[in-house]
Amino acid sequence: MAPQRILCVAEKPSIAKAVAQHLGGGRFITRNVRGNTFVKNYEFDFSFAQWGHCSVTMTSVSGHLTSLDFADRYKKWQTTPPGQLFEAETVIKIDAERKPIADNIQQQARYAKVLFIWTDCDREGEHIGSEVREQARKGNARITVKRARFSNTERTHVIQAAQNPIELDDRQASAVATRIELDLRIGAAFTRLQTLQLQHLGDLLADKVISYGSCQFPTLGFVVERYFRVKNFRPETFWSIKVTYLKEGVKVNFSWNRVHLFDRAVVTIIFEKCLDARLARVTKVQKKPTSKWRPLPLTTVELQMQGSRFLRMDSKKVMKIAEQLYQKGWISYPRTETDQFPPEFSLRSFIEKQTQDNNWGAYAQGLLDGAFRQPRQGRHNDQAHPPIHPVNYVTSSSLSDDERRVYEFVVRRFLACCSEDAKGEATDIEIEWGEEVFHAHGLLVLARNYLDVYVYDKWESSQQLPHFEIGESFEPTEANMMDGKTTAPGYLTEPELIGLMDANGIGTDATMADHVAMIKDREYVAARPKAGGGRNPVREFVPTRLGVALVEGYDNVGLDVSVSKPFLRKEIELKMKAICEGRKTRSEVVHESIEEYREVFGRTQRNIGVLKRSVRKYVFDEDVG
DNA sequence: GCAAGGTC
């Protein structure tokens, strides 16, 4: 009897190849798929515990297979009232460039007994799996469907996954289908409404698409909120007391525990009392070991934040470069939320590969020779990908300048994770002078450890404090009452923006940089290098007049929750979770959310004058009273 | 001409 055929389908070609290599034991045939240069079919034999000795075809899709759009009759902006898009008929299509991939799955499924899905183990992966299943059933209605549970492509892990198939999670797939439908309906309805209404207010906006999206608007909202905090900032004068004491040739500066107060008279009285007391007395002398923790394993969000801070590129660029490095096999998959390495992960073999480098090779060797520490475990695990790490060594001469910087960051971060924390000794001295308490803090770095390789962190010894005894008294060498002014916050920087998006659940690791780029493309915000940032300034975002007009306009339309706030997106996220946990169904959530947004939409439409006035005021400098 | 999410 001929062996059973099994069709395996991964989310992307790289996973298909890695899995084929492990299951095929290095022996497999590669076949091209007509019409697509990336997707390949790998054929090999494998003995499954469940299905016996089988002939396997391992292939992949390339992300989502289908897309959702409105039926043709709703395509014309002029003839479809935007509000109709909340209930307009939608169609699921397979775009022309994905047709060959879909056809391949149909054909391969025809003689297969089992469809074994190897998409990423996250929500989107579950949905992509359901798209694959749909195609496979078109070729073979009776095909058995299973899915693999895996979170990395290490050999033993892959084999373990192959031998323990589980079921596709339809709840997760329908949570994603819900998100897709809501994003389309809400995004398209608001985009058409505001574009059609605002476009002809003046030449500056003519032919411009003024888009709305559940992610791009809150992203804009963060930038505008900070802008107003800067704009409305009024400096306040404060007063403080500073004490210095010259001992053993060291000038020790003591800071006031109250930091500063905003009442000059009060500080003057306090200061007088101190002077009257004349002698200050040492009340606390403490030396204790301290440490600066090594960084956590690298996630995408962290790569984007640190990258836009230290590598002279924006988050979108960092992701593009990381993607290239991944495609070439130098680093692992760059889109991950996981900040913990699996326990069986072969960290040492990846460290080993870095020992040949001129800059950090000796450090890597030092780790292998005994300095290695198991990385800290963060609290995130997407169950799909390990933290970002170097997988192969590449010399800097074979990389572009940008690639070299990102690769170097990934390597240094990885080596730092596998290192000991930096160790130091902290000295704290407290004095009482009059009724006030002042303190001095000193740091002595004893062992730099991870800092030697992770050049992005700074931790330096301070000036060494002289010896003090508890109870010792002295007359301060100098004491001054100082005044100062509170300073305005800065505009939102790119790492801050990425951090806010992450904290508020706006976008995913793979899309955050896109949303940031989108609000720039739409000319809602402008990016510029932060002043005083030296040779390597971080970028900061300032909203354009249009960006301010939109946010302020919506804030005044009379909505319970403005669309520029992250709240509405968060709600969709919670509802997706409810679907995943079986507490709600797709149709319930679509119905609820559409009704909710229809209300927001209706109110916006009725008060469209408010939005228009805001645009006239900010974009066209008109006096709107 | 709309979104956000995958991916090349």
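The sequence lines fix the lettering, A, B, ..., with proteins before strands; numbering per chain opens at 1. Only heavy atoms go into these numbers, but all of them, side chains included; no hydrogens, no water, no symmetry mates.
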Original post:
Whole-Å distance between B:dA4 C1' and A:M512 CE?
Top reply: 13 Å

**OP:** Would you indicate what A:F190 reaches in the nucleic acid, counting non-hydrogen atoms under 4.0 angstrom: base, sugar-phosphate, or nothing?
**Re:** nothing

Original post:
When all nucleic acid strands are considered with a 4.0 Å heavy-atom cut-off, which category describes A:Y333: base, sugar-phosphate, or nothing?
Top reply: sugar-phosphate

Original post:
How long is the line joining CG of A:N504 and P of B:dA4, in whole Å?
Top reply: 16 Å

Original post:
Rounded to the Å, how far apart are A:L220 CG and B:dA3 P?
Top reply: 14 Å

Original post:
Among B:dG5, B:dA3, B:dT7, which nucleotide sits nearest the side chain of A:H64?
Top reply: B:dG5

**OP:** State which of B:dA4, B:dT7, B:dC8 makes the closest approach to the side chain of A:E11.
**Re:** B:dT7

**OP:** Select one nucleotide: of B:dT7, B:dG5, B:dG1, the one nearest the side-chain heavy atoms of A:E124.
**Re:** B:dG5

**OP:** Measure from the side chain of A:F38, starting at C-beta and using heavy atoms only, and say which of B:dC8, B:dG5, B:dC2 lies closest.
**Re:** B:dC8

**OP:** Report the C-alpha separation of A:T195 and A:W77 in whole Å, then their side-chain angles, then the decisive distance to 0.1 Å, and conclude whether the side chain to side chain contact (heavy atoms under 4.5 Å, CB included) test is met.
**Re:** CA-CA 10 Å; A:T195 302; A:W77 288 35; 3.9 Å; yes

Original post:
Is the gap between the ring centers of A:H389 and A:F350 under 6.0 Å?
Top reply: yes

Subject >> Near-parallel close stack of A:W77 and B:dG1 base (under 5.5 Å, under 30°) >> reply: yes

Original post:
CD1 of A:I15 versus P of B:dG6: gap in Å, rounded?
Top reply: 14 Å

Original post:
Using a cut-off of 4.0 Å on non-hydrogen atoms, how would the nucleic acid contact of A:H515 be classed: base, sugar-phosphate, or nothing?
Top reply: sugar-phosphate

Original post:
Atom CD of A:Q327 to atom C1' of B:dG6: distance rounded to whole Å?
Top reply: 14 Å

Original post:
Base, sugar-phosphate, or nothing for A:D509, non-hydrogen atoms under 4.0 angstrom?
Top reply: nothing

Subject >> Separation of B:dG5 C1' from A:M501 CE (nearest whole Å) >> reply: 13 Å

Original post:
Base, sugar-phosphate alone, or nothing: which one does A:E126 contact when heavy atoms must sit under 4.0 Å apart?
Top reply: nothing

Original post:
Looking across every strand, which nucleic acid part, if any, lies under 4.0 Å from A:L68 by heavy atom: base, sugar-phosphate, or nothing?
Top reply: base

Original post:
What's the CE-C1' distance between A:M518 and B:dG1, to the nearest Å?
Top reply: 12 Å

**OP:** State whether the distance check finds a donor on one side and an acceptor on the other, under 3.5 Å, for side chain A:S62 versus base B:dC8.
**Re:** yes

**OP:** Can you tell me the distance, in whole Å, between the CG atom of A:D95 and the P atom of B:dA4?
**Re:** 18 Å

